[in-house]
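Right, one structure below, let's go through it.
Given the structure is predicted, the values throughout are model-derived calculations rather than measurements.
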Amino acid sequence: MKSTLLKSGIDRLNTIIKIPSFNFPTNPFRFLRKETAENDRSLVLSPFKAMVQKEITDHITNWRFIILFAIITLACLGTLFSTLSDGMKVLVNNNSENNFFFLNLFTKSDGTLPPYFVFVGFLGPLFGISLGFDAISSEQNRGTLSRILAQPVPRDSILNAKFLAGIIVISLMFFTLSFLVMGSGLIAIGIPPTAEEFMRIIVYTILSIVYVSFWLNLSILFSVRFRQPATSALSGIAVWLFFTIFYPMIANLIIKGYEPSQYASPKAIYFYQKLKFYLVQIMPNELFDEITSAILVPSVRSLGPLTMEQMQGAIPSSLPLGQSILLVWPQFTGLIALTLLCFLLSYILFMKREIRSRG
Amino acid sequence: MAEKSIEIIGLTKKYGEYVAVDNLTLSVEKGEIFGLLGPNGAGKSTTILMLLGLTEIDSGSVKVCGIDSSKYPLEVKRKVGYLPEDVGFYTDYTGLQNLMYVARLNNIPIEEAQKTALETLDEVGLTEAKDKKVASYSRGMRQRLGLADVLIKKPKVIILDEPTLGLDPEGVKKFLQLIVDLSRKKGITVLFSSHHLHQVQQLCDRVGIFVKGKLLAEGKISSLAEQLFSKNAHTLEGSVAETEKTSLSMKELAQKMEEMEGVAQVQMHDGRFVITSKKDMSVPVSRLVVNSGYGLHSLSKKEYGLDDIYHQYFQEEKQI
Ligand SMILES: Nc1ncnc2c1ncn2[C@@H]1O[C@H](COP(=O)(O)OP(=O)(O)OP(=O)(O)O)[C@@H](O)[C@H]1O
Ligand SMILES: [Mg+2]
């Protein structure tokens with residue numbers, strides 16, 4: 001039993017990975033429209049693709065998504081315009097220090113509104129949670145889960161479809177936003193971004209998608225676990241609050257306890273710094289903050305504590321993109337690992353579950 | 001030996017200490033309509049869930065169309081159409097869209113699916129409502145859509161869990177007729193769970209009576225009656241009236257009836273009589289009545305229905 005489950009899980013994963021190659025929906029509403037069904041007569045769509053398409057349609061036509069999308073877009077545009085109108089001089093001044101003018105659009109603001117990356121870091125998790133918190137429980141409560149699972153689709157494909165649809169929608173949104181910011185910058189200032197800047201923004205966008213998909217997965221996990229959508233949404237938000245507010249406090253307490261005296265040996269100080277560093281490394285938001293700073297600020301050369309020897313001889317200049325990516329590789333893997341962990345737990349909870357029609 | 005569509009052997013399901021299905025053995029032949037009859041909480045739905053691999057089996061084995069459902073649930077689901085009790089739909093899609101979605105999950109080519117969807121919607125009488133959102137459907141319309149949903153995949157076996165709940169009498173009649181027609185025409189096996197005796201009686205070839213996780217009796221309705229009322233299974237009810245030619249008094253007539261071979265008991269009151277007997281006595285009784293110069297107003301055979309069977313078994317259950 002178990003081995004077949006695992007096997008089907010892996011098969012499904014393969015399908016996910018293959019997805020981009022089968023020219024993904026130019027129009028996700030297509031299958032709902034009768035007249036266009038005529039056009040692709042002979043088309044046999046795989047059940048999994050049908051599920052993903054349906055989920056995407058549901059997301060996009062859902063008020064919840066539209067409202068969130070509007071909020072995030074407005075927040076980002078607000079920041080952008082205040083930065084562009086007031087802070088032109090600041091930007092130009094900054095520009096003299098380094099050459100990454102376009103990145104400043106994402107990281108700097110004139111102080112009235114927080115910069116773009118703060119919005120993404122702050123609203124992204126909420127977005128992920130709101131896309132997934134009732135993924136499975138709503139199907140169960142509507143009584144559609146047992147109907148769908150009575151069809152010849154593997155049980156995990158419903159989880160995979162929800163997840164993949166969420167990621168696609170999130171990607172759509174983040175790429176839209178990034179290009180919107182870049183485009184407005186381009187229009188306002190008239191200088192195109194360099195290839196390096198462009199690539200950095202793309203990498204940043206991809207990594208923020210990974211970050212939000214962690215929260216998406218977490219909330220799907222809660223939706224599998226809890227029957228009540230409200231409970232599941234609250235749990236998601238609780239985890240988010242825990243990591244943004246309480247965990248740093250707890251970590252601080254622990255770190256305080258280990259604080260070495262002024263005259264402690266360098267080894268003790270080094271240990272202290274390491275501890276300080278690693279304690280925050282399990283926080284997804286901290287991981288993402290580090291990723292953001294390393295990718296969007298090319299002059300960031302290290303994320304952890306450094307010894308004097310490591311610092312010696314370093315030239316204070318920007319890193320190339322490849323090096324920045326190498327720098328955040330551990331953080332990136334950490335995020336992926338957390339995401340997979342949530343996915344795994346959802347699988348374990350869902351695969352053996354009894355599916356009654358309602359409740 | 002006929003081909004078996006559903007074969008359940010020694011099936012057991014426990015929820016903690018509670019045994020929901022207890023060592024159930026049952027088989028349904030191809031093309032047969034089988035009624036699973038039992039009161040609330042008997043374990044009907046649980047059995048059905050195990051048939052489809054929607055819940056884990058504690059012990060025993062389940063085969064549908066010769067395929068083990070716990071090992072290959074996907075293969076089974078390809079062949080089985082299942083209508084859950086209290087079925088749900090995506091309410092902001094239309095009935096047709098809901099059907100098309102299921103068709104796509106079954107990998108039916110779009111063109112074909114479109115055609116079958118319209119056909120099945122017609123069969124269940126939802127053609128007019130097909131482009132309305134399911135949110136606006138009534139309970140019975142949803143149930144019909146549920147049946148369409150089962151039929152669209154052209155199943156070999158249909159499993160219906162209390163499908164007539166919420167249908168109006170006319171709807172029930174049509175629904176049952178549709179199931180019978182389908183089963184007869186296309187040789188589809190039907191497993192039908194219900195606590196409505198009369199529907200089961202009308203519809204099913206064979207019935208299993210299911211109480212507290214155990215199958216108490218199983219077989220054709222008539223044979224169930226014989227099993228149960230083995231001594232005096234036949235009852236005649238009738239009424240007579242005196243005419244000019246009457247040669248016997250009522251009492252004497254009753255006496256004569258009682259003397260007939262096979263008759264166990266006669267109750268006579270005001271020209272109305274009830275005869276219980278071992279075999280069918282309608283012909284000799286009517287002859288006797290006429291020969292004695294009485295006019296026969298009415299004579300009806302009372303067959304034991306599921307009602308009686310049901311009650312009998314439940315009474316037994318209570319005594320245990
Ligand atoms: N998840 C569960 N945990 C514990 N007991 C359960 C669970 N699900 C069902 N049961 C018990 O199993 C028994 C059988 O339930 P089942 O749903 O199969 O009954 P049913 O015959 O379908 O009844 P109904 O006619 O009301 O639908 C019931 O007594 C119920 O209390
Ligand atoms: Mg039930």
Side-chain angles (χ1 to χ4, degrees), chain A residues 1-5 8 11 29-55 57-58 61-63 138-158 161 351-359, chain B residues 13 15 45-46 48-50 52-57 70-94 96-98 100-114 118 131 134 142 145-146 149-150 152-153 155 159 161-162:
Chain A
M1 185 82 201
K2 224 175 228 161
S3 68
T4 49
L5 288 182
S8 74
D11 285 349
F29 297 85
R30 183 178 50 195
F31 85 97
L32 292 175
R33 289 220 302 259
K34 256 195 319 184
E35 67 275 11
T36 39
E38 309 275 291
N39 299 341
D40 31 36
R41 268 168 178 258
S42 58
L43 200 61
V44 180
L45 288 154
S46 82
F48 183 68
K49 200 177 159 193
M51 291 170 96
V52 175
Q53 283 187 352
K54 181 188 163 293
E55 293 306 327
T57 317
D58 283 355
T61 50
N62 195 337
W63 277 107
S138 72
E139 298 262 354
Q140 177 100 49
N141 295 336
R142 274 184 294 183
T144 44
L145 189 62
S146 76
R147 202 166 59 87
I148 298 308
L149 289 182
Q151 312 307 329
V153 289
R155 207 180 257 214
D156 50 346
S157 65
I158 193 158
M351 292 313 270
K352 296 240 157 180
R353 152 100 73 87
E354 175 177 287
I355 310 289
R356 290 217 171 234
S357 48
R358 266 177 229 236
Chain B
K13 173 78 187 175
Y15 291 109
S45 303
T46 312
I48 289 174
L49 289 186
M50 288 191 280
L52 285 155
L54 290 178
T55 186
E56 298 277 301
I57 292 172
S70 61
K71 291 208 184 89
Y72 310 101
L74 279 194
E75 294 305 311
V76 170
K77 286 173 192 170
R78 215 157 268 149
K79 302 204 157 125
V80 177
Y82 164 54
L83 179 62
E85 54 183 340
D86 197 7
V87 61
F89 293 92
Y90 296 109
T91 44
D92 30 350
Y93 290 71
T94 68
L96 183 62
Q97 283 168 343
N98 266 291
M100 288 300 289
Y101 184 52
V102 166
R104 287 188 68 191
L105 293 187
N106 281 285
N107 226 343
I108 302 171
I110 282 191
E111 188 197 359
E112 193 189 323
Q114 193 93 32
L118 291 176
D131 290 322
V134 175
R142 276 172 213 228
L145 186 60
D149 189 75
V150 166
I152 193 164
K153 64 203 264 192
I159 297 178
D161 199 350
E162 288 171 34

ask   = Looking at Asp86(B), Thr55(B), Thr91(B), which one has more heavy-atom pairs under 4.5 Å with chain A than the rest?
value = Asp86(B)
message = Can a side-chain donor-acceptor contact be found between Tyr101(B) and Gln53(A) if the only test is distance below 3.5 angstrom?
response = no
message = Just verifying a value: how many Å separate Tyr93(B) OH and Thr144(A) OG1, rounded to the nearest 0.5 Å?
response = 11.0 Å
ask   = Any side-chain heavy atom of Asn106(B) sitting closer than 4.5 Å to one from Pro152(A)?
value = yes
Donor on one side chain, acceptor on other, Thr46(B) and Arg356(A), under 3.5 Å = yes
inquiry  = Please report the interatomic distance CD(Gln151(A)) to CG(Asp149(B)), rounded to the nearest 0.5 Å.
reply    = 6.0 Å
For residues 73-81 of chain B, dump all side-chain donor-acceptor pairs below 3.5 Å to protein atoms at least two apart in sequence or in another chain.
from     : atom 1 : to        : atom 2 : distance (Å)
Glu75(B) : OE2    : Arg78(B)  : NH1    : 3.0
Lys77(B) : NZ     : Leu149(A) : O      : 2.9

query = Of all of Leu52(B), Leu49(B), Val150(B), which one pairs up most often with chain A through heavy atoms under 4.5 Å apart?
reply = Leu49(B)
task = Supply the atom-to-atom distance Arg104(B) CZ to Lys49(A) NZ, rounded to the nearest 0.5 angstrom.
result = 7.5 Å
ask   = Any side-chain heavy atom of Lys13(B) sitting closer than 4.5 Å to one from Glu354(A)?
value = yes
ask   = Is it the side chain or the backbone of Arg155(A) that comes within 4.5 Å of chain B heavy atoms, both, or neither?
value = side chain
query = Which residue, Arg142(A), Arg147(A), Glu139(A), forms the side chain to side chain donor-acceptor pair (under 3.5 Å) with Tyr90(B)?
reply = Glu139(A)
